[in-house]
Amino acid sequence: MASKEFNPFEMAQAQFDKVAEILNLEEATRHLLRNPLREYHFSIPVKMDDGTTKVFRGFRVQHNDSRGPCKGGIRFHPQETVDTVRALAMWMTWKCAVVNIPLGGGKGGVICDPHHLSMQEQEHICRGFVRQLAKNVGPLNDVPAPDVMTNAQHMLWMLDEFEAISGAKYPGFITGKPVGMGGSLGRTEATGYGVIFTVREALKELGIRPEDTTAAIQGFGNVAQYAIELYVKLGGKVICVSSWDQGDQCSYTFRRKTGIDLHELLKITDKFGGIDKVKAKELGYEVLDGEAWIEQDVDILLPCALENQVRGDNVNKISKRVKIIAEGANGPTTPEADKVIHERGIFVIPDFLANAGGVTCSYFEQVQCNMNYYWERDEVLSKLDVKMTSAYLAVSELARKRNLYMRDAAYVISVSRVAQACKDRGWV
Ligand code: GLU
């Protein structure tokens, strides 16, 4: 979240400026791409269950649509800020470009805390969000999706509202819908699995067998859970996860050095990914400080929670053994920490490449909706693997050829694709 010390939009702009220099972009292109094309700020009045009315603040930012309709999730978070949404919208543009899908970048957010909202109140927020935006989003200009603390049910309410306003069926308005209601099989798993497809390729490149590796994971939400599932299937061992404790308003790390058991932990986890401390202890987990995940003696670190997690003040806690950091979250590493990681020679799979599986599957969902013909799960996941693997290989080849840091190589590919599209359209 944005704070006085950390502004994710400034960070996204600084990352962009660095690549604009490498690519020697023209001034007008820089100006266009370092800011969103459009943004909407609005209020959502909601009748609460107790009869009072509460007004929530919402945002939708459309960063760039030169390669296709804007695409990106909607987050529900009590500390949401427009600068966080701006950064995330910009990262969506690069994410869609790096996997070469015909979509631009957008993001939405509502300042609210679903922990304290009934399902009915959440439904009102979803419908109110769409009412404020219906004229400015849609299958052909901006397509929302789930993100932090939103899921398939929220998407369905939003779809229903959009269709009621439009007077027709528009399954392509939103992705991440429930399966059977226009959703794609594999969408729930897609982001976490996508992270591990890229980790698998990085391990191949480094000549390391997954069976010989261990990992520490930050987060236990949708991305982390499916990343764990696939990594363990490949033979890896996860020794800890961290999760947010709503009661204590802080996170804890749950460690079991012999390996965590995903299914056992899921049984004691709430729908927001919060693990029950007491029950975890009974199952033999050590309950450590929330930041302990970063200092574990493992081969792979997977930050799969929020932005601003690997910073100047904790980057030096990363163990000498760590060889790969795969960023499942958006923007988990600050530029200060990134510099240290680069200098230490740790192999980074940057966020907008590592976590592009979600939006790639959203794109498959749109394709299936347009055909009104739905693929089997295996077909979706194998297509996802092909897209993620080829995007990874293009980035790592460029990094090797031009001796670039992986993050810079991914940026070079994405930014040049988007800059070219703007130029081809005659915008700059
Ligand atoms: N919210 C996901 C992301 O940050 C997915 C976006 C989408 O499917 O449009 O990549």
Side-chain angles (χ1 to χ4, degrees), residues 8 12 59-65 67-77 80 84-99 101-110 137-139 141-152 154-156 158-159 171-178 182-195 197-198 219 221-227 303-307 326-332 349-369 380 383-384 387-388 391 410 414:
F59 315 103
R60 183 76 186 173
V61 175
Q62 297 171 348
H63 172 258
N64 191 277
D65 56 12
R67 288 171 45 88
C70 294
K71 186 82 193 81
I74 297 172
R75 317 202 315 172
F76 283 180
H77 201 284
E80 195 61 283
T84 315
V85 180
R86 285 179 179 134
L88 290 159
M90 191 193 270
W91 288 326
M92 284 309 300
T93 303
W94 315 139
K95 197 182 295 194
C96 293
V98 83
V99 282
I101 55 179
L103 295 166
K107 203 82 176 195
V110 179
V137 292
N141 54 353
D142 184 5
V143 182
D147 204 284
V148 172
M149 287 200 268
T150 55
N151 58 36
H154 298 99
M155 300 305 109
L156 188 56
M158 291 191 184
L159 175 73
F173 160 64
I174 206 160
T175 60
K177 299 180 289 294
S184 173
L185 290 166
R187 177 63 184 84
T188 314
E189 304 89 304
T191 313
Y193 278 18
V195 173
F197 291 148
T198 65
N222 172 264
V223 180
Q225 289 174 11
Y226 287 102
C304 294
L306 288 171
E307 59 276 10
E327 298 176 333
N330 291 311
I349 311 174
D351 50 1
F352 65 89
L353 169 63
N355 69 34
V359 75
T360 303
C361 197
S362 279
Y363 164 61
F364 295 154
E365 183 175 327
Q366 289 184 303
V367 171
Q368 294 169 82
C369 285
V380 175
K383 282 185 163 71
L384 181 67
K387 276 268 176 214
M388 292 300 294
S414 293

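Counting from 1, the numbers follow the sequence of the chain as shown. Counting convention: from 1, in listed order, for ligands and their atoms alike.
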I'd like to check which ligand 1 atoms, numbered from 1 as shown, lie under 4.0 Å from a non-hydrogen atom of [X].
X      : answer
Met92  : 3 (C), 4 (O), 6 (C), 10 (O)
Val359 : 7 (C), 8 (O), 9 (O)
Gly72  : 9 (O)
Lys107 : 1 (N), 3 (C), 4 (O)

Tell me the protein heavy atom at minimum distance from [atom], and give that distance in Å.
atom                   : result
atom 8 (O) of ligand 1 : Ser362 OG, 2.5 Å
atom 1 (N) of ligand 1 : Asp147 OD2, 2.6 Å
atom 7 (C) of ligand 1 : Ala145 CB, 3.3 Å

Tell me, do Ser184 and Val380 make a side-chain contact under 4.5 Å, heavy atoms counted?
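Sidechains of Val380 and Ser184: in contact.
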Could you check whether any side-chain heavy atom of His63 comes within less than 4.5 Å of a side-chain heavy atom of Arg86, counting everything from C-beta outward?
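The answer is no; the side chains never approach within 4.5 Å.
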Ligand 1 versus [X], non-hydrogen atoms closer than 4.0 Å: side chain, backbone, both, neither?
X      : answer
Arg75  : neither
Pro146 : backbone
Asn330 : side chain
Glu365 : neither

We want to know whether Asn330 and Asn355 form a side-chain donor-acceptor pair, criterion being a heavy-atom distance below 3.5 angstrom.
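Present: a donor and an acceptor within the cut-off.
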Arg187 and Ser362: side chain donor to acceptor below 3.5 Å:
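Judged by distance alone, the side chains do pair up.
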With a 4.0 Å cut-off on N to O distance, would you call Asp147 and Lys107 a salt bridge?
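Judged by the 4.0 Å cut-off on N to carboxylate O distance, Asp147 and Lys107 do form a salt bridge.
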Check whether any N or O atom of Asn355, backbone or side chain, sits under 3.5 Å from an N or O atom of ligand 1, and answer yes or no.
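No - when backbone and side-chain N and O of Asn355 are compared with those of ligand 1, no distance drops under 3.5 Å.
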Is any N or O atom of Val143, backbone or side chain, closer than 3.5 Å to an N or O atom of ligand 1?
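No, no N or O pair falls under 3.5 Å.
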Taking [Y]'s backbone N and O only, do any of them form a donor-acceptor pair with [X]'s side chain (distance below 3.5 Å, no angle check)?
X      : Y      : answer
Glu307 : Gly331 : no
Glu80  : Val85  : no
Lys71  : Val143 : yes

Hey, what do you get for SG (Cys70) to CE (Met92), rounding to the nearest 0.5 Å?
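Answer for the SG-CE pair, Cys70 versus Met92, is 10.0 Å.
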Judged on heavy-atom distance to atom 10 (O) of ligand 1, which of Lys95, Arg187, Lys71 sits nearest?
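Shortest heavy-atom distance from atom 10 (O) of ligand 1: Lys95.
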